[in-house]
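The sequence lines fix the lettering, A, B, ..., with proteins before strands; numbering per chain opens at 1.
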Number of protein chains: 2
Amino acid sequence: MSKEITARSQDYAQWYNDLILKGGLADYSAVRGCMVIKPYGFALWENMRDVLDRMFKETGHQNAYFPLFIPKSFLSREADHVEGFAKECAVVTHYRLKNDPGGGGVIVDPEAKLDEELIVRPTSETIIWNTYKDWIQSYRDLPLLVNQWANVVRWEMRTRLFLRTAEFLWQEGHTAHATAEEAVAETKQMLDVYADFVENYMAVPVIKGVKSPSERFAGAVDTYCIEALMQDGKALQAGTSHFLGQNFAKAFDVKFSNKENKLDYVWATSWGVSTRLVGALVMAHSDDEGLILPPKIAPIQVVFVPIYKGDDQKAAIDDKVHEIMAELKKAGIRVKYDDGDNARPGWKFAEYELKGVPLRVAIGARDIQNNVAEVARRDTRSKESLPLDNLAGQLVELLDNIQQSMFNKAKVFRDEHITKADTFEEFEKLLEEKTGFVSAHWDGTTETEEKIKELTKATIRCIPLNNPQEEGKCILTGKPSKERVLFAKAY
Amino acid sequence: MSKEITARSQDYAQWYNDLILKGGLADYSAVRGCMVIKPYGFALWENMRDVLDRMFKETGHQNAYFPLFIPKSFLSREADHVEGFAKECAVVTHYRLKNDPGGGGVIVDPEAKLDEELIVRPTSETIIWNTYKDWIQSYRDLPLLVNQWANVVRWEMRTRLFLRTAEFLWQEGHTAHATAEEAVAETKQMLDVYADFVENYMAVPVIKGVKSPSERFAGAVDTYCIEALMQDGKALQAGTSHFLGQNFAKAFDVKFSNKENKLDYVWATSWGVSTRLVGALVMAHSDDEGLILPPKIAPIQVVFVPIYKGDDQKAAIDDKVHEIMAELKKAGIRVKYDDGDNARPGWKFAEYELKGVPLRVAIGARDIQNNVAEVARRDTRSKESLPLDNLAGQLVELLDNIQQSMFNKAKVFRDEHITKADTFEEFEKLLEEKTGFVSAHWDGTTETEEKIKELTKATIRCIPLNNPQEEGKCILTGKPSKERVLFAKAY
């Protein structure tokens with residue numbers, strides 16, 4: 001096989017890249033840090049996007065679209081925000097090229113310099129709140145529940161396919177409310193939507209929590225997050241939901257008259273998930289043979305491969321497969337019949353294993369006679385011979401089973417990798433040997449957090465929601481602490 | 001009413017802007033030439049996008065995503081292409097801001113200059129064909145049928161909401177083929193898809209044709225187009241499909257080995273429609289009271305407005321409306337019940353007229369007793385009292401009727417505005433008095449085309465497909481001509 005995958009045990013990072021590249025999800029591009037999302041990868045993202053979009057609409061949100069460009073001065077309006085994003089902004093300075101008088105193709109036309117430089121949006125709070133100023137006058141205009149699907153650019157120095165790219169696709173919700181309570185409730189609701197999606201569609205268990213101040217979104221009062229665990233024991237932030245207080249309303253002077261006819265600043269939230277989730281999905285489930293995709297979002301849920309000699313045998317198999325596929329399609333299942341004659345069945349088997357198709361059904365001429373088919377599960381790599389009678393029904397059940405089983409497996413792994421440390425020595429040892437989340441006391445200061453990061457590379461992933469309160473001592477400083485927080489090395 | 005619309009007869013351009021802004025489709029933004037697509041406008045675009053996306057997938061295309069940025073040097077690889085786009089490119093030159101040492105917020109960090117400037121994509125042929133080089137080796141990799149939904153930027157000097165904006169949303173198909181015949185067939189197929197969509201969903205009749213050389217896409221061998229007519233008698237190009245020959249394959253050295261194992265350059269097509277279609281939709285159908293949206297893509301197809309005094313009356317109306325709405329939803333109809341008590345029925349009526357909702361159903365307490373409802377059609381502004389029995393079924397039929405009737409009305413208007421001119425005097429007169437398309441003989445030269453444009457502002461919109469051949473003389477030069485072409489003033 002030319003498409004050999006590096007083993008996880010050998011080189012985890014290379015294993016990941018092999019899966020992304022050879023599994024047909026994405027490709028490097030000619031532009032530094034930007035990737036090409038290939039058709040198979042994009043179909044996966046589309047399935048994810050469509051589920052999320054439905055969830056957003058069911059919770060009352062509408063989509064809109066705001067400009068790609070942000071005037072440079074907008075970024076400065078909110079002090080923390082500019083601090084957080086200025087260092088990684090792509091900047092548009094000119095609006096025209098012209099022929100190089102020296103004959104070297106085209107050059108930037110120095111006469112076409114913009115009066116004010118434009119930033120390619122790294123996130124859209126500023127341009128959106130500048131617009132909300134015109135949309136919000138009264139409490140009757142609230143809540144304003146808007147989402148945007150868009151590309152954003154953050155000029156990251158070290159990039160990795162899907163996990164960290166200069167340009168990525170995401171959705172960003174931006175809502176406006178009359179009260180702090182309502183905005184906080186929205187922030188938490190969207191965190192729940194994300195957790196629901198990641199757990200029940202991506203089959204990846206998450207921990208919901210709040211970020212420590214140093215890990216907060218630039219401009220937020222509170223950042224809520226969901227944290228997932230990858231197979232190498234590193235954590236990955238899978239989604240964030242921010243309570244922005246009145247920070248952006250103040251920065252862009254967005255006031256509303258409340259029911260008592262008094263003017264007040266509007267309360268805000270923002271929340272987002274991105275194509276990074278594809279990376280999380282790959283790292284959470286796949287194995288050394290290739291991708292393992294959860295049925296609910298897999299581009300192909302069941303693939304049929306015929307095994308035959310000659311046209312007569314094939315015709316009989318075709319009939320049967322088309323019959324079963326029709327039933328599956330009726331049940332809303334995404335199916336493919338790979339009856340191309342340019343590859344042998346064994347090659348096809350390997351290809352669909354690599355691509356993570358949840359179920360593979362092989363049907364030969366003798367199978368038709370025996371009224372059976374060979375059904376292979378991608379997640380467990382187990383095969384069984386199933387009767388052709390009501391095969392569609394059995395496959396639908398198996399898909400449900402795989403979805404649940406993938407979540408359970410990931411949850412067992414995750415739960416095994418949450419451990420407690422009460423001393424710094426224990427903490428370091430757990431991070432090294434056991435990996436995963438380490439639950440430990442912390443004195444609540446940014447200094448200590450940074451020191452721990454420096455010493456161990458672990459960061460506070462979150463302070464879990466509904467965290468049990470318990471007296472303890474900070475693992476580093478010994479100062480008193482009221483609760484444990486979750487540390488981990490992270491993507 | 002605060003939302004008064006300028007009459008078409010008074011100021012057509014202002015009428016259009018009023019509809020877009022007051023109808024809630026879009027808003028100006030703080031960034032020159034860029035617009036904000038508001039939720040109602042975006043819902044309309046989503047409906048259009050979803051239909052097109054389904055059509056693309058049904059014809060075998062897959063979606064993918066390529067980088068927003070294009071290295072400047074890529075643009076120069078195809079001579080016509082750079083000539084066509086260099087003058088309207090947003091250029092990224094830096095990747096970081098820093099604090100202004102002078103204290104004036106942030107400035108562009110001069111040390112963060114890119115080695116090669118990046119162009120914000122005006123269209124993606126170059127970055128995509130640079131990628132296809134890695135994807136295509138053999139005839140087995142062909143055809144490659146890819147589409148991308150994306151934002152693109154063309155730094156237009158004069159912009160108009162939806163019709164011409166610096167940033168716009170679109171789809172761009174980019175396909176690769178083993179033979180010229182196959183690529184030409186693809187080009188024409190996608191033109192047919194566009195025509196099908198614009199006629200049968202947007203209810204706007206179009207003329208299919210080929211562009212004259214001077215109106216060709218930069219880098220194309222042939223540009224096919226669909227041309228629509230607006231109510232002011234101006235034409236609007238609603239979609240284009242390009243046969244690119246081997247131009248981009250040569251520019252990016254994309255060769256494949258054919259069945260005879262010989263290397264040859266790949267044949268290409270590209271095709272696109274954009275948010276400009278929203279502008280076409282508005283201009284083709286709307287009236288002085290507001291938008292008129294075709295049912296098939298209207299965000300709300302039927303709106304219910306209760307007319308009542310007191311809770312008892314309202315409860316009875318609620319029950320009935322919910323019952324009818326449930327039936328409509330089952331039939332896939334997008335409905336809204338506006339029972340808010342913050343506005344009078346008359347205000348709501350005007351609002352939904354402005355927003356172009358195809359059907360409005362008003363139900364009062366007495367209507368319930370009489371077992372009727374008042375149904376108002378937006379397109380004809382006619383009202384009728386319909387029995388509540390099987391009202392849902394009647395409404396579904398009415399929606400079909402409106403869709404067809406809107407197309408018919410637009411087609412009658414369009415057909416009345418295609419006239420023939422045999423002399424230049426006639427030509428000028430028709431353009432002035434009758435407006436619309438003028439069918440006339442042309443000597444086939446770019447010089448004549450330009451001269452005619454200079455004299456009359458009319459351009460050749462297209463040479464219609466299956467154009468009858470007829471001997472004639474060019475209206476300007478009197479030189480012999482074999483066929484008439486369609487001229488018009490255009491958006």
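- Using a 4.5 Å cut-off between heavy atoms, B:D53 contacts chain A through its side chain alone, with no backbone atom that close.
- Salt bridge absent: A:R32 and B:E116 never bring a charged side-chain N and a carboxylate O closer than 4.0 Å.
- Contact annotation for A:E167: only side-chain heavy atoms (C-beta onward) come within less than 4.5 Å of a heavy atom of chain B.
- The candidate from A:D27, A:V146, A:N130, A:N147 with the greatest count of non-hydrogen atom pairs under 4.5 Å with chain B is A:D27.
- Heavy-atom minimum distance, A:T93 versus B:H94: CG2-ND1, 4.2 Å.
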Donor-acceptor contacts under 3.5 Å from residues 33-45 of chain B side chains, at least two apart:
{"unit_1": "B:Y40", "atom_1": "OH", "unit_2": "B:K355", "atom_2": "O", "d": "2.6"}

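- The number of heavy-atom neighbours closer than 6.0 Å to CZ of A:R140, taken from other residues, nucleotides and ligands shown, is 12 or below.
- Enclosure of atom CZ in B:R344 is not indicated, since only 12 or fewer non-hydrogen atoms of other residues, nucleotides or ligands lie within 6.0 angstrom.
- When heavy atoms are compared at a cutoff of 4.5 Å, A:D100 does not approach chain B at all.
- When only modelled atom types and interatomic distance are considered, A:Y95 and B:E156 share no side-chain donor-acceptor pair under 3.5 Å.
- When all heavy atoms are compared, the tightest approach of A:S76 to B:G105 is OG-CA, 4.4 Å.
- Contact annotation for A:K57: only side-chain heavy atoms (C-beta onward) come within less than 4.5 Å of a heavy atom of chain B.
- A:K87 meets the side-chain contact (heavy atoms from CB on, under 4.5 Å) test with A:E83, B:R96; sequence neighbours excluded.
- Listed options B:V31, B:V91, B:I127, B:V120 were ranked by heavy-atom pairs under 4.5 angstrom with chain A; first place goes to B:V91.
- Both the backbone and the side chain of A:L68 come within contact range of chain B, each with at least one heavy atom under 4.5 Å from a heavy atom of that chain.
- To the nearest 0.5 Å, atoms CG (B:L75) and CG (A:L97) are separated by 6.5 Å.
- Contacts with chain A were tallied for B:F85, B:F74, B:W135; B:W135 has the most, counting heavy-atom pairs under 4.5 Å.
- Put simply, of B:E117, B:Q62, B:K72, the one with the most heavy-atom pairs under 4.5 Å next to chain A is B:K72.
- Using a 30° and 60° split on the angle between ring planes, B:F69 and A:W155 fall in the tilted class, from 30° to 60°.
- Only the side chain of A:E46 has a heavy atom closer than 4.5 Å to any heavy atom of chain B.
- Atom CD of B:E111 sits in a sparse spot, with 12 or fewer heavy atoms from other residues, nucleotides or ligands closer than 6.0 Å.
- For chain B, the nearby part of A:L169 is the side chain; its heavy atoms alone come within less than 4.5 Å.
- Of the two parts of A:V82, only the side chain, counted from C-beta on, holds a non-hydrogen atom closer than 4.5 Å to a non-hydrogen atom of chain B.
- Most heavy-atom pairs under 4.5 Å with chain A: of the set B:A26, B:A166, B:A90, this distinction falls to B:A90.
- At a 4.5 Å heavy-atom cutoff, B:I128 makes no contact with chain A through either its backbone or its side chain.
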(Q) B:Y65 vs A:N151, test: side chain to side chain contact (heavy atoms under 4.5 Å, CB included). Steps then yes/no. (A) CA-CA 10 Å; B:Y65 189 77; A:N151 53 343; 3.2 Å; yes
